[in-house]
Amino acid sequence: MIAGFLGVTYDWVKAAHLIFVIFWMAGLFMLPRYLVYHQEGLGDAAEEARWIDRESKLRRIILTPAMVIVWLLGLLLALNAGIADGLPGLGWLHVKILLVFLLSGYHGWAVGYSKKLARGRRGVSNRALRMLNEVPGIAVTLIVILVIVKPF
């Protein structure tokens, strides 16, 4: 693959990538909060049903589609930057991709946990669940620093 293959479409692909990152992050900030409230509402059938519906809509309409688009556009941008060509100076991009991979794993865990709660089963304490809410914020902070500062 040749670095720079996106040509004049590069800025459009980058803009779309950033837009869908914002959608994905909004979902990743919301779903863990929903999980806390859902878990606290276990035992109240009406309350549980409302949280199951909210979580399902968030996953189907925003969270998972945004993640898929982020990955597709992000991989295009990484290839355009020359990651497959072995160009030097892309250490920051390798670390960013690792963090996005880990964030995707967190996304998968949160989706799985919402399905577990839908079956009425809890796996972690309310306190631990609240602490896990901080994962997306920490990840996005590190990712933004890597993209803007490009420290290595």
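Keep in mind that this is a model prediction, so the values were computed, not measured.
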Look at atom CZ of Arg119 and say whether more than 12 heavy atoms of other residues, nucleotides or ligands are closer to it than 6.0 Å.
yes
Residue pairs passing the side-chain hydrogen bond (donor to acceptor under 3.5 Å, both in side chains) test where at least one lies in residues 55-66, sequence neighbours excluded
His38-Glu55, Asp53-Lys57, Ser56-Arg60, Arg59-Ser114, Thr64-His107
If you look at every heavy atom in Ala110 and Leu31, which pair is closest and at what distance?
CB-CD2, 3.8 Å
The test is side-chain contact (heavy atoms from CB on, under 4.5 Å); show your working for Leu79 and Leu6 and say whether it passes.
CA-CA 9 Å; Leu79 291 170; Leu6 288 175; over 6 Å; no
CG (Leu18) and CG (Leu73) are apart, to the nearest 0.5 Å, by 11.0 Å
In short, side-chain hydrogen bond (donor to acceptor under 3.5 Å, both in side chains) pairs touching residues 139-151 with sequence neighbours left out are none
Quick one: list whatever passes side chain to side chain donor-acceptor pair (under 3.5 Å) with Asp44, sequence neighbours left out.
none
So if you build clusters from Ile, Leu, Val, Met, Phe, Trp, Tyr with side-chain heavy-atom gaps below 4.5 Å, do Val147 and Met25 land together?
yes
What closest approach, in Å, do Ser104 and Trp71 show between heavy atoms, and which atom pair accounts for it?
OG-NE1, 2.7 Å
With sequence neighbours excluded, residues passing salt bridge (charged side-chain N to carboxylate O under 4.0 Å, His left out) with Arg130
Glu40
Can you check whether Leu42's main-chain N or O pairs, donor with acceptor, with Glu47's side chain at less than 3.5 Å?
no
If I compare all heavy atoms of Leu58 with all of Gly27, which pair ends up nearest, and what's the gap?
CD2-O, 4.0 Å
Would you name the heavy atoms of Gly7 and Asn80 that are closest together and state the gap between them?
N-OD1, 4.4 Å
I need the Ile52 CD1 to Arg50 CZ distance, nearest 0.5 Å.
11.5 Å
Mind checking the CD1-CG spacing from Ile83 to Leu93? Nearest 0.5 Å is all I need.
4.0 Å
Looking only at heavy atoms, what is the nearest atom pair of Ala3 and Gly82, with distance?
CB-CA, 3.8 Å
Aromatic ring proximity, centroids under 6.0 angstrom, Tyr34 and Tyr37
no
Under the salt bridge (charged side-chain N to carboxylate O under 4.0 Å, His left out) test, which residues partner Arg122, sequence neighbours left out?
none
Kindly compute the distance separating CD1 (Ile97) from CG (Leu75), expressed to the nearest 0.5 Å.
6.5 Å
Find the distance between CH2 (Trp109) and CG (Leu102) and round it off to the nearest 0.5 Å.
15.0 Å
Are Ile148 and Ile145 grouped together when hydrophobic residues (ILVMFWY) are joined by side-chain heavy atoms under 4.5 angstrom apart?
no
Enter the distance from Ile62:CD1 to Leu28:CG here, rounded to the nearest 0.5 Å.
11.0 Å
Trp92 vs Leu90, side-chain contact (heavy atoms from CB on, under 4.5 Å): CA-CA, chis, key distance, verdict
CA-CA 5 Å; Trp92 65 272; Leu90 295 177; 4.0 Å; yes
Could you tell me which non-hydrogen atom of Ala81 sits nearest to which non-hydrogen atom of Leu87, and how far apart they are?
O-CD1, 3.5 Å
Exam field: side chain Tyr113 to backbone Val124, donor-acceptor pair closer than 3.5 Å
yes
Pairs in or reaching into residues 10-22: which pass side-chain hydrogen bond (donor to acceptor under 3.5 Å, both in side chains), with residues at least two apart or in two chains?
none
Take the angle between the ring planes of Phe23 and Phe20 and call it parallel below 30°, perpendicular above 60°, tilted in between.
perpendicular
